[in-house]
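Encoded as structure tokens, the structure appears first; notes follow it.
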Amino acid sequence: MKTRINELVELLNRYADEYYRLDSPSVSDADYDRLYRELVDLETAHPELILPNSPTHRVGGKILDGFEKYTHIYPLYSLQDAFSLEELQTFDERVRKEFPHATYICELKIDGLSISLTYEAGRLVVGATRGDGNVGENITENLKRVKDIPLTLPEPLDITVRGECYMPKASFERVNLERQEKGEAEFANPRNAAAGTLRQLDTGVVAQRGLSTFLYQEASPTDASSQSQVLAELDRLGFTTNHDYALADSISEVWNFIESIAAKRNELPYEIDGIVIKVNDLAIQEELGFTVKAPRWAVAYKFPAEEKEAEILSVDWTVGRTGVVTPTANLTPVQLAGTTVSRATLHNVDYIAEKDIRIGDTVIVYKAGDIIPAVLRVVEEKRDQQEVMPIPVDCPSCASPLMHYEDEVALRCINPHCPSQIMNRLEHFASRDAMNIAGLGTSIVEKLFKAGLVKDVADIYQITVDDLLKLEGIKEKSAAKLYQAIQTSKENSAEKLLFGLGIRHVGSKASKILLEKFVSLENLARASAEDIAQIEGLGRVIAKSLVSYFASQGVQELLAELKSAGVNLVYTGQVAVEDGLLSGMTVVLTGKLERLKRSEAKAKLESLGANVAGSVSKKTNLVVAGSDAGSKLTKAQELGIEVKDEAWLESL
Ligand code: AMP
Ligand code: ZN
């Protein structure tokens, strides 16, 4: 019995890791489920044998049967809307009639889902959705996988708090990219993605998707006397609150805040759909009370909808590195969320059919997650006699027949010699997480390919400065620089090369694990599927994909060519850096950066040779601080370490 439990725990943990972390399961969901249930049964019968690392606890995943209804002890309210300054003034007049000296707090209206968290004696016992406000769904298991929700509080409190659970724009982009690669339907916007994620029966998926929260309300009785105190108290208890709020004495101050946020809305790392204005004083809130639908003490100003009409002029079909064909509409230009949009994604063939989108149609365009413009629907009234959209049967790049597999929403070109795929593969090879060859982007790759200078990644290492100078529009200086970047990339630790090869299912994490284990690409190329599948964290899918990749004659030749060109095939754990500006320096990032993502800032520093550390110490040479920098900045100042800002980093 005990050994079976051991065995099950070990197996299930490995499968969970393959599935959630590496996205490459080696067993079917049904098999996983069966083993999981066997373990649950054994553990129920023998609770004394439950192992601390059992997947039935928190980590990894659980397959839920469904969600139970949960009746809220304190109902969740919705908010009255306002769409203009006038409507805000009307709200203000109503408040001031009774409380002439009321002041307001303005908070960002986060575009996610309302959640309610109940703690007993400081432990999270229930996490629920809003539902109709009175009855929601119990999604505790999923909310436990949202990283910034504390499972325990610093004090043994009985408390119910409320807030918004959302998907940051960056996670949204990543999740959709993964779905696109897999031929799955993309999420329309971060809100849908968050909703879909929280209703997952597979809790591990939730952990992987990267949701976040902002808490803003104590629903149970509180000692605070104002909403701003509530936020401070939530902060103190370890919840994430949004610091972008403002106190306002009048509606004109409220309006100033609205305008300042509207101006920077697109740069926020998450979606907001408005500003919530609340009377700050909780005693006044109580006096004002509620209407049947919403509190009288609050109003939600909604930003004008970021949707515009545009006409579809034509459609481009482009082939990605894996052969997936993506349709993009060329539009009459429209202003949308601060930029001019003249192209919008149509996602895939199934989407076009479902929405019956045709060339010449007037359509509603919006920015999915304020990032990627997309076509929402057709304005039927404006349709003339447009014909049904012609769907390509042949690859727009190589003219070989396209496949539409039954379980995929996308069309695929399966010709390995397809120029478009090759160019995208070359670009992938040069990209930052792969060989990191700065300067080898879309346009140069295309020129090199069209000039017949590169057909596969090994050819990159045969390019001479003279070759580059023959290309149109390349000056001596950039040719020399690109040539140097290519030479430097030869020294990369081999996991970058492995990832750069673009083998199916072999992402950058798996590449690293593989090379840590096999040390050289040549060893890996000789490994059997069993050898690979045995490695902790990798599964049969990766193993099979690698073995069939390396079995090909062409690949063997490719490896030989790379090797003779002097490309390093061995794991060294080192990323080659060209005489970096920051070589040998230890740099710490802190605070919120406005324009660069954290990961981008880190990559930039590393590309300049810096070692990026997590905490400030005497060894730190430099700190790059954004806004709201906390203890790290203080410490840097105490130690007299030089502090730079984001603009400095960008200027490098
Ligand atoms: P509505 O859905 O338009 O009725 O707006 C009410 C919803 O706004 C609430 O249920 C919350 O989910 C959401 N919301 C987002 N941010 C806030 C905030 N700072 N304060 C209150 N509600 C918020
Ligand atoms: Zn093709």
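Numbers here are sequence positions counted from 1. Every number for a ligand or one of its atoms is a count from 1 in the order of the listing. Being a predicted model, the structure only gives us computed values, none of them experimental.
Each of the atoms 4 (O), 6 (C), 22 (N) of ligand 1 lies under 4.0 Å from some heavy atom of Leu79. Listed by atom number, the atoms of ligand 1 under 4.0 Å from Lys302 heavy atoms are 3 (O). Less than 4.0 angstrom separates some heavy atom of Lys278 from each of these atoms of ligand 1: 18 (C), 20 (N), 21 (C). Heavy-atom proximity to Ser114, at under 4.0 Å, picks out these atoms of ligand 1: 9 (C), 10 (O), 11 (C), 12 (O). In summary, the atoms of ligand 1 found under 4.0 Å from a heavy atom of Arg130, numbered by their order in the structure, are 9 (C), 10 (O).
Side-chain contact between Thr318 and Ser420: absent, with no pair of heavy atoms (C-beta onward) separated by less than 4.5 Å.
Angle SG(Cys395) to the Zn ion (ligand 2) to SG(Cys413), rounded to 10°: 110°. Vertex the Zn ion (ligand 2); arms to Cys398 SG and Cys418 SG; angle rounded to 10 degrees, 110°.
Remark: the Ser397 side chain and the Gln421 side chain contain no N/O donor-acceptor pair separated by less than 3.5 Å.
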Steps toward side chain to side chain contact (heavy atoms under 4.5 Å, CB included) verdict (Phe429, Val445):
CA-CA 11 Å; Phe429 184 80; Val445 162; over 6 Å; no
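The protein heavy-atom contact nearest to atom 16 (N) of ligand 1 is Ile110 N, 3.2 Å. What sits closest to atom 19 (N) of ligand 1 on the protein, heavy atoms only, is Glu107 OE1, 2.9 Å. Looking at atom 21 (C) of ligand 1, its nearest protein heavy atom turns out to be Tyr216 CE1, 3.3 Å. The protein non-hydrogen atom at the shortest distance from atom 13 (C) of ligand 1 is Glu164 OE1, 3.4 Å.
Between His243 and Tyr245, the ring center distance fails the sub-6.0 Å criterion. Taking the six-membered ring wherever Trp is involved, the centroid distance between the rings of Phe239 and Tyr119 falls below 6.0 Å. Aromatic rings from Phe172 and Phe187 are positioned such that their centres are separated by 6.0 Å or more.
A salt bridge is defined here as a Lys NZ or Arg NE, NH1 or NH2 lying under 4.0 Å from an Asp or Glu carboxylate O, and Asp244 with Lys264 meets this definition.
Using 4.0 Å as the threshold, Leu108 has a heavy atom nearer than that to some atom of ligand 1.
Taking the six-membered ring for Trp and thresholds of 30 and 60 degrees, Phe91 and Tyr104 have ring planes inclined between 30 and 60 degrees apart. Using cut-offs of 30° and 60° for the angle between ring planes, the Phe499 and His428 rings count as perpendicular.
Within the 4.0 Å heavy-atom criterion, both parts of Lys109, backbone and side chain, lie near ligand 1. Contact annotation for Asn242 and ligand 1: no heavy atom of the residue comes within less than 4.0 Å of the ligand.
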